[in-house]
Structure formats: C-alpha cells, structure tokens
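To keep things clear, I will list the structure first and then write my remarks on it.
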Number of protein chains: 2
Amino acid sequence: MLERHRRGQSWWHGKFSGYGYKITAGREIVLGILVGSEKHLSAEEIYIKAHAINPAIGMTTVYRTLDILIEMRLVNKFDFGDGRGRYELTEGPKGLRHHHHLVCTSCNRVIDYTDFIDEEVELLSRTEKGLTGKYNFKISHHLIQFYGLCDKCHSGREN
Amino acid sequence: MLERHRRGQSWWHGKFSGYGYKITAGREIVLGILVGSEKHLSAEEIYIKAHAINPAIGMTTVYRTLDILIEMRLVNKFDFGDGRGRYELTEGPKGLRHHHHLVCTSCNRVIDYTDFIDEEVELLSRTEKGLTGKYNFKISHHLIQFYGLCDKCHSGREN
DNA sequence: TTCCTAAATGAAAATGATTATCACTTTCAA
DNA sequence: TTGAAAGTGATAATCATTTTCATTTAGGAA
Ligand SMILES: [Zn+2]
Ligand SMILES: [Zn+2]
Ligand SMILES: [Zn+2]
Ligand SMILES: [Zn+2]
C-alpha cells in the first residue's frame, strides 16, 4: 500500500488511464500540490501554487483537473461556508487518515479531527448498509461536519 | 411545546425580538414559506413564492432574512452540489423530525432519511462531548450527508 | 395615538467564484 | 511519424450572492 510510491511511474498514473484521462503536466502538478499540503485549499490557492511551478498553467485547468480528481474519488470538495469550494485529498498516500471536520461559524476556521473516527465510521458503515437496502442508493462516501464556535471565537462571550 | 402555535402571536415573534430583530411582513412571509414546504428550497425558489404572495418583497430581503433565520438557528443551509444554497427549517413546529441526507452525485436528488437517526444522534452527542473538551469548541449543530447514486442513476450501469 | 430614529427595504450595481467558448497545442495509439 | 481526440489558456459569460444607497417602516418613548 505504500511501496508503489517510489516507482518511477507515480502511483496515480494507473488511475488516470483507468478512467480514460491522459496524464499531463498540469494534472501532475495540481495533484502534487494536493499531496503536498495538509490544508483545505481553494481552487485559487491551488492555481497560485501551480502557476508558481509552471506559469503556463491556467485557472481553467485547475478547475477541470479538480473535477476529474473528484470523479476518480482522489479528492473531496468541501463547503465550509466561506463562499468557495475547498479541496482535499481523500485518504491516499502519505498515510493521510480519514477525518471529519469542526467548522467555526464565526471565523471559518476548520479543524480536522480523527478522534472518535473509528466509532463513527463503524456506525456509518452500518447505516450505509441499511440505507443502501432501503432506498436502493449506491453510497460512495460521506460527509460529517460539526459547526460551532472555536476557542478563539467563544471566549469573551456569555452564551 | 406545541400549544404556543395557536396563539395570536406566532411562535417565532419572541425569537425575533429576543435577537433584536424587528418583525416585518417580508420576514413573516419567508418564514411562512419555509414552514409550509417540505422541500429544500433555494433562495430563488423562496423569492418566487414570496413574491407571489407579496410583490413588494425583493430578493435582497429573502437573502437577508435567511441569514438571520440561520443565525437564530431556525433554518439550516445546505450545499447539495448544485451551485446554490438550499434552505430548510431545523426541527421546528409541524413535528418536523431531525433528519440527514442522501445526495445523488449524478442527478442531485436529495432524500431525507430519519432511519438510524437515533443511533447516529446518540453517537454524535458523545462525539460532540469529546470534541468540545479536546478542542474547546462550542458545538451548535452537525451535518451528515451520504453521497452516491440513487436508484434511477445507477440502474443500467455495471459498477 | 403620535413621533422619532434605528432598522429594514428594494432596485440596481458590484462582486466573485465557477463555467463555457474557441482556436491552438499536446498526447498517445496505430 | 502521424492524426484524431483530448487537453489547454485566455477571455468572455454566467449566475448566485452581496453591497450600495436613497427611501420606508417598525416599534419604543412620550
Ligand atoms: Zn472561530
Ligand atoms: Zn480536512
Ligand atoms: Zn440520481
Ligand atoms: Zn432535508
């Protein structure tokens, strides 16, 4: 699960061709940026980084690449309430763990947490099974977010 | 918990003034529309209904009213991936039950489900407690969505 | 009830993220 | 090597949401 990373061919090459997509410089750079950051990047932030690496890359390619990465389930898109999409690798290489989010409704800060994840995921998979049966829905992934006020935003208030 | 609904004063009047907001015709109509629909309405859909009731109501008021309803935790805003916000009453009058969503990534259909909710909510409240302690985060609400393909969208495909 | 002022409003313009267009370039299988 | 299909960037277009600002209104005080 980890040793395929040091092949000459990057681990995602097979995935791309499996979906009928070509491997291009722009796509490699965008994916590389996501692999290299822990943060939840916006399309523009990715564009700036990509553009710094190779100024030939345009915004359009960033969006289009993100779309196919999402389709291939390599990337998740989130909405944290700040008016722009936020992109993050699904659990992938780098030992990135599956996690959920705490979102501050005041300052939009996002905290990843992995505590309680095992229990949550266990319940989710049971729920998934039930829902799949009852609604004949083919579930591919889930989203869990808690909203509230982070420490900085609720200190100094009474309620 | 239910008897206050048949007062002359609507049940939400206290809530508005408690937050320092005035009660206006536009706000009453917007809230009334949300109370009267099961669907997850977009701002524009609400605007159209509101405008039909009272043509003086503008789009701006719809957005502004939704903002304060969210602030008062009477309404939740969702993102189902179709590029526009979707608004729905939180559990309120009408015996509206707390529920979660199944979102079809192909046709954007949304199914509310309440099955398994009790178990989920029980786990969530334990998780909440843990997260509140560890991250000093004041949690006010949560979001759970499952994504996948609805029956219509995955019939006739192999994977 | 009348008055007064902060709050609320609508129309219109502005914003800003995302998407569509289209002529040009690149990939890759044959 | 080559050609068709896929990919691309610059630019314009879209379109949901927000801002602006002159005007109206809600609701507490008198
Ligand atoms: Zn905060
Ligand atoms: Zn995250
Ligand atoms: Zn569907
Ligand atoms: Zn719902």
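- Of the residues in residues 47-58 of chain A, those with a non-hydrogen atom less than 4.0 angstrom from any atom of DNA chain D are A:A56, A:I57, A:G58.
- The phosphate of C:dT9 (OP1 or OP2) has a side-chain N or O of B:R27 nearer than 4.0 angstrom.
- Note on A:I23 and A:V75: same hydrophobic cluster, where clusters join Ile, Leu, Val, Met, Phe, Trp and Tyr whose side-chain heavy atoms are under 4.5 Å apart, directly or indirectly.
- Looking at A:D151 and A:R109, a side-chain N of the basic residue comes within less than 4.0 Å of a carboxylate O on the acidic one, giving a salt bridge.
- In this structure, B:T132 contributes its side chain and B:K138 its backbone to no donor-acceptor pair below 3.5 Å.
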Under 3.5 Å, which protein N or O atoms sit close to an N or O of nucleotides 23-28 of chain C? Give each pair with its distance.
| unit_1 | atom_1 | unit_2 | atom_2 | d |
| --- | --- | --- | --- | --- |
| C:dT27 | O2 | A:K22 | NZ | 3.0 |

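- Not a single donor-acceptor pair under 3.5 Å links the side chain of A:S42 to the backbone N or O of A:G85.
- A:H101 and A:H99 have perpendicular rings, their planes meeting at more than 60° on a 0 to 90° scale where under 30° would count as parallel.
- To the nearest angstrom, C1' of D:dT8 lies 16 Å from CD of A:E28.
- An OP1 or OP2 oxygen of D:dT18 is reached within less than 4.0 angstrom by no side-chain nitrogen or oxygen of B:Y63.
- Only A:G83, listed by number, bring a heavy atom of residues 66-83 of chain A to less than 4.0 angstrom from any atom of DNA chain C.
- Note on B:F78: it does not cluster hydrophobically with B:F146, by side-chain heavy-atom contacts below 4.5 Å among ILVMFWY residues.
- A:H98 and A:H141 have their aromatic ring centers separated by at least 6.0 angstrom.
- We find that CE of A:M59 is positioned 11 Å from P of C:dT19, with the value rounded to whole Å.
- Judged purely by distance below 3.5 Å, without hydrogens or angles, the side chains of B:N76 and A:Y147 never pair a donor atom with an acceptor atom.
- Counting only distance, with no hydrogens or angles, the side chain of B:H154 and the backbone of A:N136 share a donor-acceptor pair below 3.5 Å.
- Residue B:R64 is classed as a base contact, given a heavy-atom separation below 4.0 Å to a base.
- The distance between atom OH of B:Y19 and atom P of C:dA8, rounded to the nearest whole Å, is 15 Å.
- A:R86 and A:E45 are joined by a salt bridge, as a carboxylate oxygen and a charged side-chain nitrogen come within less than 4.0 angstrom of each other.
- One hydrophobic cluster, built from ILVMFWY side chains closer than 4.5 Å, holds both B:Y47 and B:I68.
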